[in-house]
Chemist: 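Below is a structure I'd like to ask you about.
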Amino acid sequence: MNSQTKVKVKTVLGKMPSLWKRRVAFFANILSLFYGNDTETLVLRKAIGNLETYGSRLVPIINLMYGGKSNVLVLERQPNPELIKYFENELGLIIPQIKVLSHKDYLSVLEAKSNFSTPLKSLIKDISAHQSQWIDAYITDEPLVKFSRICSKKVVTSPKGSHKGNNKLLLYQYLRSAGLPVFETFIAGNQSEVKLALGDLKDKGYNSAVIKAQIGASGIGMKIVNLNQANFKVSDYIFYEGPCLVQGWLDSSIPGVKYIGSPSVQVFLSDDSITSFDVTGQFLSHDSVHEGNISPPPYLLNNKKLLDEIFRQVKLAGTWLHDQGYRGAASCDFHIIKSKIKPEVHLCEINARVTGATYPSLLSRFFLPKGAWLMRNILFDPPAKDINLLKALNKHKLLFKIGKTQGIMPFNFNYNKKGDIVKGQFLFLAKTLDAVNKLFKSLSNISSLNSNLGRN
């Protein structure tokens with residue numbers, strides 16, 4: 001698609017956007033997020049644990065995204081059976097057909113057919129026979145394209161559209177050419193150039209800098225550096241795609257600068273439209289790893305000027321993303337500060353994929369339009385049992401059910417090797433932010449869970 005093509009740009013905050021009206025076989029290829037950068041994938045695994053269990057977040061939303069009742073979801077691990085019952089019996093959701101294929105078998109589709117494993121052959125047979133015409137995934141890579149050819153299906157997003165849409169260097173170059181605000185940036189192709197860039201930023205008065213690989217996710221591929229730190233060396237995987245970005249970091253350590261927040265706008269790109277359907281505030285760790293979201297962000301309530309500027313930038317950046325050939329759910333992540341006398345809004349990155357905020361946003365907009373919501377990753381130490389969690393929430397009348405106006409919705413669990421829950425993704429829904437925050441606090445007050453709850 002060329003940049004001259006006209007697309008409609010819409011905003012429908014607080015309610016479900018118009019999504020796909022097509023059946024799909026969706027691959028939860030979360031271990032492919034970095035397009036073959038295996039070292040970066042290992043870093044992500046160390047940061048968040050058992051990656052294979054995160055694909056199950058898709059279970060309750062696939063049929064919402066694709067508007068059908070017979071979609072196929074290919075996971076890397078079986079989803080939690082108790083949550084499946086909860087989705088069907090208490091939320092009235094129709095669950096997609098679920099298939100399981102290891103990442104190793106997923107990658108092996110690139111080999112000769114004579115080397116295909118039995119699970120791979122079986123899945124190819126099932127998807128080929130499925131009535132869907134489309135294949136989609138977190139990212140479109142070479143194995144996904146091979147699946148589409150073997151199964152005689154079409155990919156929703158081209159490999160080029162997926163890769164370019166997630167490339168932070170290409171986005172920066174576009175933002176600069178379009179006259180949008182950008183961080184002070186150096187492009188560094190090796191360790192020496194990174195060191196020079198960090199020195200230049202320090203000389204300009206910055207206390208911190210951020211180093212970004214061209215491709216990253218969940219804070220991986222990005223490193224915030226204290227410019228007073230000696231002998232800093234960037235990891236080699238940062239250069240996997242080529243030169244990285246070294247940017248001056250604007251925070252409250254700089255005189256006259258006040259950090260306001262890091263909102264993320266949820267966007268859906270169809271063939272002929274771009275729709276913004278939610279604005280969330282992000283909870284980020286010190287290393288900028290995603291830990292949750294809240295909507296609406298408290299610091300944007302009744303702040304029309306900031307919202308107008310955010311959506312002005314989303315319109316331009318969303319059109320750029322559409323021009324790259326990307327289609328589907330995405331997020332535009334921002335950084336807002338107040339410098340001297342006025343706020344400054346910077347678009348940090350676009351994640352051209354289903355993100356950690358897509359799941360809670362679609363679920364909340366489906367079940368409680370115009371309401372408020374909070375999603376947090378909750379750690380359990382010691383590990384917990386899934387049945388106990390659901391029973392405890394239900395006993396205390398906190399479990400969200402269809403028809404209720406508030407409650408807690410666990411929508412995914414992450415396991416250790418023994419099969420116990422070490423982390424869960426919990427959605428807190430209510431009509432107001434105050435009610436949502438009370439629900440969040442109430443989780444810690446359940447005596448049967450209190451001993452298990454860790455940091456979040």
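What you see below is based on every heavy atom in this structure, not just the backbone, and it leaves out hydrogens, waters and symmetry mates. Every value quoted in this text rests on a predicted model; they were computed, and no experiment measured them. We count residues from 1, following the sequence as given.
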Chemist: With a cut-off of 6.0 Å (strictly less than), are more than 12 heavy atoms of other residues, nucleotides or ligands near CD of Gln191?
Modeler: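 Yes, the 6.0 Å shell around CD holds more than 12 heavy atoms from other groups.
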Chemist: Ignoring hydrogens and angles, tell me if any N or O in the side chain of Tyr240 forms a donor-acceptor pair with the backbone of Ala213 under 3.5 Å.
Modeler: no
Chemist: Is any side-chain heavy atom of Phe400 closer than 4.5 Å to a side-chain heavy atom of Tyr86?
Modeler: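 The answer is yes, as the side chains (C-beta and beyond) meet within the 4.5 Å cut-off.
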Chemist: Tell me whether Asn29 contacts the main-chain N or O of Ile139 through its side chain, where contact means a donor paired with an acceptor under 3.5 Å.
Modeler: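 Yes; judged by distance alone, with no hydrogens or angles, the pair exists.
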Chemist: Any side-chain heavy atom of Phe411 sitting closer than 4.5 Å to one from Phe87?
Modeler: yes
Chemist: Can you confirm whether Arg149 is buried at CZ, in the sense that more than 12 heavy atoms of other residues, nucleotides or ligands lie under 6.0 Å from that atom?
Modeler: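 No, not enclosed.
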Chemist: Only one of Tyr35, Tyr138, Tyr326 forms a side chain to side chain donor-acceptor pair (under 3.5 Å) with Ser162, so which one is it?
Modeler: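 Testing each of Tyr35, Tyr138, Tyr326 against Ser162, the sole residue satisfying side chain to side chain donor-acceptor pair (under 3.5 Å) is Tyr35.
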Chemist: Between Asn37 and Thr39, do the side chains contain an N or O donor and an N or O acceptor separated by less than 3.5 Å?
Modeler: no
Chemist: Between Cys348 and Lys212, does a side-chain contact (heavy atoms from CB on, under 4.5 Å) hold up when you go through it step by step?
Modeler: CA-CA 10 Å; Cys348 295; Lys212 294 180 181 177; 4.2 Å; yes
Chemist: Are the side chains of Gln324 and Leu269 in contact, using a 4.5 Å heavy-atom criterion?
Modeler: no
Chemist: Does any N or O in the side chain of Ser264 come within less than 3.5 Å of the main-chain N or O of Asp333, such that one atom is a donor and the other an acceptor?
Modeler: no
Chemist: Is there side-chain contact between Leu180 and Leu347, with heavy atoms separated by less than 4.5 Å?
Modeler: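 Leu180 vs Leu347: side chains apart.
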Chemist: So, taking the atom named CD1 in Ile62 and the one named CG in Asn71, what distance separates them when rounded to the nearest 0.5 Å?
Modeler: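 Rounded to the nearest 0.5 Å, the CD1-CG separation comes out at 7.0 Å.
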Chemist: Heavy-atom distance under 4.5 Å between the side chains of Phe147 and Val74, does that happen here?
Modeler: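 In short, these two side chains do not touch, never coming nearer than 4.5 Å.
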Chemist: Does Leu13 offer a backbone N or O that forms a donor-acceptor pair with the side chain of Lys370 under 3.5 Å?
Modeler: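 Confirmed, Lys370 side chain pairs with Leu13 backbone.
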Chemist: Salt bridge check: are Asp271 and Arg327 linked by an N-O gap of less than 4.0 Å?
Modeler: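 A salt bridge is present here (some side-chain N lies under 4.0 Å from a carboxylate O).
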Chemist: Would you check if the side chain of Thr358 reaches a backbone N or O of Thr355 as a donor-acceptor pair within less than 3.5 Å?
Modeler: yes
Chemist: Please confirm whether the backbone N or O of Thr53 pairs with a side-chain atom of Asn412, one donor and one acceptor, at under 3.5 Å?
Modeler: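 Yes; judged by distance alone, with no hydrogens or angles, the pair exists.
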Chemist: Has Lys146 got more than 12 heavy atoms of other residues, nucleotides or ligands less than 6.0 Å from its NZ?
Modeler: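 It does: Lys146 NZ has more than 12 such atoms within range.
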Chemist: Do Trp249 and Leu227 have side-chain heavy atoms sitting under 4.5 Å apart?
Modeler: no
Chemist: Indicate yes or no for a side-chain donor-acceptor contact from Ser148 to the backbone of Lys154 under 3.5 Å, with no hydrogens or angles considered.
Modeler: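 It does not hold such a pair.
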Chemist: For the residue pair Tyr106 and His103, does the interplanar ring angle fall in the parallel (under 30°), tilted (30 to 60°) or perpendicular (over 60°) class?
Modeler: parallel
Chemist: Could you tell me which non-hydrogen atom of Asp126 sits nearest to which non-hydrogen atom of Lys99, and how far apart they are?
Modeler: OD2-NZ, 3.3 Å
Chemist: Please round to the nearest 0.5 Å and tell me the distance separating atom NZ of Lys202 and atom OG of Ser208.
Modeler: 11.5 Å
Chemist: Are Leu363 and Leu429 close enough that some pair of their side-chain heavy atoms sits under 4.5 Å apart?
Modeler: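 Not in contact.
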Chemist: Please report the shortest heavy-atom distance between Glu193 and Ile187, naming the atom on each side.
Modeler: OE1-O, 4.0 Å
Chemist: Could you check whether Arg45 pairs with Glu52 (Lys NZ or Arg NE/NH1/NH2 to Asp/Glu carboxylate O, under 4.0 Å)?
Modeler: yes
Chemist: Go through the steps for Ile135 and Leu144 under the test side-chain contact (heavy atoms from CB on, under 4.5 Å), then give the verdict.
Modeler: CA-CA 8 Å; Ile135 280 182; Leu144 192 76; 3.4 Å; yes
Chemist: Please determine, by modelled atom types, if Asp278 and Trp373 share a side-chain donor-acceptor pair under 3.5 angstrom.
Modeler: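 Short answer, yes.
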Chemist: State whether a side-chain donor-acceptor pair under 3.5 Å links Asn167 with Tyr174.
Modeler: no
Chemist: Looking at NZ of Lys85 and CG of Asn80, how far apart are the two atoms once the value is rounded to the nearest 0.5 Å?
Modeler: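 Nearest 0.5 Å value for the NZ-CG distance: 9.5 Å.
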Chemist: Cation-pi check, Arg376 to Phe428: give yes when NZ or CZ is under 6.0 Å from the six-membered ring centre and within 45° of the ring axis, no otherwise.
Modeler: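 The answer is no, since Arg376 fails at least one limit relative to Phe428.
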Chemist: Got a second to check how far Glu344's CD is from His335's NE2, nearest 0.5 Å?
Modeler: 10.0 Å
Chemist: Rounded to the nearest 0.5 Å, how far apart are CZ of Phe440 and CD1 of Ile408?
Modeler: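 The CD1 atom of Ile408 is 9.5 Å from CZ of Phe440, to the nearest 0.5 Å.
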Chemist: Go through the steps to decide whether Met375 and Thr280 satisfy the test side-chain contact (heavy atoms from CB on, under 4.5 Å), and finish with yes or no.
Modeler: CA-CA 10 Å; Met375 193 287 287; Thr280 81; over 6 Å; no
Chemist: I'd like to know if the side chain of Gln313 and the backbone of Val345 have a donor-acceptor N/O pair within less than 3.5 Å.
Modeler: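 Checking the backbone N and O of Val345 against the side chain of Gln313, a donor-acceptor pair under 3.5 Å is found.
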Chemist: Within a strict 4.5 Å, meaning less than it, do heavy atoms of the Pro297 and Gln282 side chains meet?
Modeler: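 No, every pair of side-chain atoms sits at 4.5 Å or beyond.
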Chemist: Any side-chain to backbone donor/acceptor pair from Tyr206 onto Leu198? Under 3.5 Å, distance only.
Modeler: no
Chemist: So, Arg176 side chain and Gln173 main chain: donor-acceptor pair closer than 3.5 Å or not?
Modeler: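 A pair under 3.5 Å: no.
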Chemist: Name the one of Tyr66, Trp20, Phe277 that satisfies ring-ring contact (aromatic ring centres under 6.0 Å, His included) with Phe268?
Modeler: Trp20
Chemist: I need the Lys164 NZ to Asp323 CG distance, nearest 0.5 Å.
Modeler: 9.5 Å
Chemist: Let's go through Val109 and Phe116 carefully: what are the C-alpha distance in whole Å and the side-chain angles of both, what is the deciding distance for side-chain contact (heavy atoms from CB on, under 4.5 Å) to 0.1 Å, and is it a yes or a no?
Modeler: CA-CA 7 Å; Val109 76; Phe116 284 4; 4.1 Å; yes
Chemist: Are a donor atom and an acceptor atom from the side chains of Gln425 and Asn377 found within less than 3.5 Å of each other?
Modeler: yes
